Amino acid sequence: FCEQCVPYVHPSSWAYSAMWYSQLLFQLFFGLFLMNTLCVQGTAHGVVVVCFLIAQAVYFFVLAFVLGVGTKFGKFVLVVGLAGGASTLVGLLIEPGTSWLSQHAFWLGECIGLTCVFSIMPVLALFQ
């Protein structure tokens, strides 16, 4: 939950609850994603991926709101979170074809998206 990043969020506020529960759901569904590979559980894999992406997006939007959308940290969270989401979406939308990019678009989108998601908290912890 990165309490050192947002120490001014009161535990009884809606933001604290939204961040806590969305991070809990992300952890739960990311664990289920790792256990339900596409080859073994295709439908379950898709469901848990969508769930962990939504949970993490909620967490980052609330975090950006709490940090202040106009601050450099709030802008960083929004830009990197949106870039990660957009790259994942682009990777899903490009049809596999004969070109190198069309064959690797899904993989690149997934890698860039996860790198963006997993880089936000260390950067905030390091520079705040």
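Please read these numbers as outputs of a predicted model, since none were measured by experiment.
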(request) Could you tell me whether Trp107 atom CH2 has more than 12 heavy atoms of other residues or ligands within 6.0 Å of it? (result) no
(message) Counting only heavy atoms from other residues, nucleotides and ligands, does the tally under 6.0 Å from CZ of Phe118 exceed 12?
(response) yes
When clusters are formed by joining ILVMFWY residues with side-chain heavy atoms under 4.5 Å apart, either directly or through shared neighbours, do [X] and [Y] land in the same one?
X: Val47; Y: Leu28; answer: no
X: Leu34; Y: Val49; answer: yes
X: Leu108; Y: Leu93; answer: no
X: Phe106; Y: Trp100; answer: no
X: Val48; Y: Met35; answer: yes

Approximate separation, where rounding is to 0.5 Å, of [X] [atom1] and [Y] [atom2]:
X: His104; Y: Ile94; atom1: NE2; atom2: CD1; answer: 12.5 Å
X: Thr115; Y: Ile120; atom1: OG1; atom2: CD1; answer: 11.5 Å
X: Gln56; Y: Cys116; atom1: CD; atom2: SG; answer: 12.0 Å

Any side-chain to backbone donor/acceptor pair from [X] onto [Y]? Under 3.5 Å, distance only.
X: Ser17; Y: Trp14; result: no
X: Ser87; Y: Gly113; result: yes
X: Gln103; Y: Gly97; result: yes

(request) Using side chain to side chain donor-acceptor pair (under 3.5 Å) as the criterion, list what pairs up with Ser12, not counting sequence neighbours. (result) His10
(message) Taking side chain to side chain donor-acceptor pair (under 3.5 Å) as the definition, give me every residue that meets it alongside Thr37, ordered by chain and number, with sequence neighbours left out.
(response) none
Do [X] and [Y] make a side-chain contact, defined as non-hydrogen atoms from C-beta onward lying under 4.5 Å apart?
X: Asn36; Y: Thr43; answer: no
X: Leu82; Y: Phe61; answer: yes
X: Met19; Y: Val66; answer: yes
X: Phe52; Y: Leu25; answer: no
X: Ser119; Y: Val80; answer: yes
X: Phe60; Y: Met121; answer: yes
X: Leu114; Y: Phe30; answer: yes
X: Leu124; Y: Leu67; answer: yes

(request) Compute the centroid of each ring, for Phe73 and then for Phe76, and state whether the two points are separated by less than 6.0 Å. (result) no
(request) Check whether the ring centres of Trp20 and Tyr59 lie less than 6.0 Å apart, and answer yes or no. (result) no
Nearest heavy-atom pair of [X] and [Y]: which atoms, and what distance?
X: Gly109; Y: Thr88; value: O-OG1, 3.4 Å
X: Ala55; Y: Phe26; value: CB-N, 3.7 Å
X: Gly74; Y: Ala64; value: O-CB, 3.7 Å

